Amino acid sequence: MDIVYTYTKKRSSFGRQPLFCEQGPELCDSLAAAPPLQRDYVLRNPVHQPAQHAPRYSEHVVNTVRAEYTTTGANHAEGGWPKDVNVLDPEATQRYRRKVEKDDPYVHCVMSLSSRMEHYIMQNNAIDMYRAYYAEMCAAPPVERGACRTVNVYRDAAPRARAVRALSWQPDGGARFAVAYAAVDFHLAPRAPLNACVWDVERAAAPAATLLPPAPLLALQFNPRDGDVLAGGLASGQVGVWDWRRGGAPVVLCAPHVAHRGPVRSVLFVNSKSGREFFSGASDGVCKWWDMRDMGAPTDEMIMDVVESSSDAQSAARAHGVSVMEYEPTIPTRFMVGTEDGLVIGGNRKGKTPAEKLPLKLDAHLGPVWSLERNPGFLKNFLTVGDWTVRVFSEECRESAVLWSPPLRHRVTAAAWSPTRLSLLLALQDDGRLAAWDLLRRQHAPALAVRVCPEPLLRVQFHEGVLERESKRERILETRLREIRLRQKQAEEGSLAASASSVERTAGDRDLADAGAEYAALVKKELATM
Amino acid sequence: MAQEDDEEDLTFNVEEVQNIVRDNIEFCLGGNIYSHSRTPQWITVITEKTLSRLNKLNKPFKYIMRMTVTQKNGTGLHTAAAYFWDTATDGTCTVRWENKYMYCIVNIWALALQL
């Protein structure tokens, strides 16, 4: 805006005195407030007005494109040419080659490499790596599939069927087995029947004998030396001895003040001179050795408390409750105990200090160990069954199991090694499934799994009589053969021969049924619906 | 008569100035809605135009111009001024202009140059 005003002023009028006077404040303008207009506007109180006097920054992140790396091998056939040699020109390369060959170190290089190269070349020439071999061979023979079937079912006669707690076959291939029943909540059902039964394999209708303990029987075992005597452990902590031919009340029962303080979980006979000694383990964490002739007091006691050094004393308060025990007659002084908190403790009766008495301690499972059994062929290996897995341990390896099954869908309740096929073990599951695991064939899945019944399976026991079984099998084969021959003769001769052969056939059938029951040796019990 | 003319020339003619200012305001603001962002621009335009036209009158005055633009929202406004000057020669002029949305108040003070 450039506004210029020029004027002239006489010099005589310079410096004239200004004559100012006040002119009072006068209103320039006044605008009245208009309330109707005011109503259209919103009063903002308070009004936020930010003010910042600071440099303004901004941030922006940029990332470079990711470089992808791969690793590959390179086939380096020829290379390393210097820059001045034209690789495509054969003359130049020839010249360069000849120059290098004339170098001194060239000869030494070639000499040192030649022997190795020769070896590799001969190796490569030995077989053609790119050919398909074994195309003419036939496919591998298919894996044989096992099968198993239920032979017989023995039901508990009680009105509310109870769970099977213990199973024991008669020794030396006898045809009887003893079963102890107790409901799972035995302490809540005091009126439940307490009888345990001895069944005959061939007669599934009624038990051969009934034993009447004063409290529910939880553990039972036939004496391996004397097939008529049984030792049993009661829920009250007492142990007793029965004779199954007499049946009824125990022959002798230990006194309550020396008994265990918890229910007896396992009773096993010990290899002794008289053949009358056995030991028992209970939830109170103590193992007691008894002599049948004098049940007034146990002959020996051991608290299942593993101590590190010899100076610490074992205390019953820290003891681990016993859930299963294992004893191998060929190793007389040692035994193994599976505890309710998942440990496997190995014991040695001959130890002098507590540390020596329980030398082995393994962390096996997350819950109680339900089964513990040594492999009949390889005594150093034993299987344990606990939470949802089956594990095979070796005594030499104390860190962890040697083999274990993957966690199964249902809890595994019991397992047993097969006495004939040493790599076969049978595992029972909570959903009523019987799984046969063949460790030589497949370790991550059972070789055969059969759904036996809808209720959980609790106990399994193999029948001992191996030789008997084999001989029976021979007999069956013989009878079969005879049968076939007879039938042929019958076809020629007529009805007289037919009746004779039918008699033979029934005899053969019974043998077959016997053998079937024993060979299958898979005892299925109906269990209580809890 | 020349002296009268001279006198006329030397005094502040309020009406004439009012006309000038009113024309300028009308030209710039007429019919516009009040806009806070455009107001500085309007004010600049009006003052430049007005001052240049006042200057063209060729009168020996110093001019002071003050302009106020207020939105019509029901508020009240009150302005006043007091002077200490030569009451014979100096003069003042106030123009108030409004449309539907705003008021515009222009004050012009003319101070005589001592000749």
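Predicted model, so just to flag it, every value in this text is computed and none were measured. Residue numbers begin at 1 in each chain, while the letters A, B, ... track the order of the sequences.
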Tell me if the CH2 atom of A:Trp388 is crowded by more than 12 foreign heavy atoms within 6.0 Å. no
Is it the case that over 12 heavy atoms from other parts of the model lie below 6.0 angstrom from the CD atom of A:Gln123? yes
Interface check, chain A: of B:Ile105, B:Asn107, B:Asn55, B:Thr87, most non-hydrogen pairs under 4.5 Å belong to B:Asn55
One option among B:Asp90, B:Thr92, B:Thr94, B:Asn73 has the most heavy-atom pairs under 4.5 Å with chain A, and it is B:Asn73
Just wondering, are more than 12 heavy atoms of other shown residues or ligands nearer than 6.0 Å to CD in B:Glu15? no
Would the number of heavy atoms belonging to other residues, nucleotides or ligands and lying under 6.0 Å from CZ of B:Arg22 be above 12? yes
Please report the interatomic distance SG(A:Cys21) to OH(B:Tyr83), rounded to the nearest 0.5 Å. 13.0 Å
Chain A: which of B:His78, B:Lys56, B:Arg96 shares the most heavy-atom pairs with it under 4.5 Å? B:Arg96
Minimum heavy-atom separation for A:Tyr41 to B:Gln71, with atom names? OH-NE2, 3.5 Å
Which atom pair, heavy atoms only, marks the closest approach of B:Phe84 to A:Glu22? CD1-N, 3.5 Å
Residues of residues 24-39 of chain A with any heavy atom under 4.5 Å of a heavy atom in chain B: A:Gly24, A:Pro25, A:Glu26, A:Leu27, A:Cys28, A:Asp29, A:Ser30, A:Leu31, A:Ala32, A:Ala33, A:Ala34, A:Leu37, A:Gln38
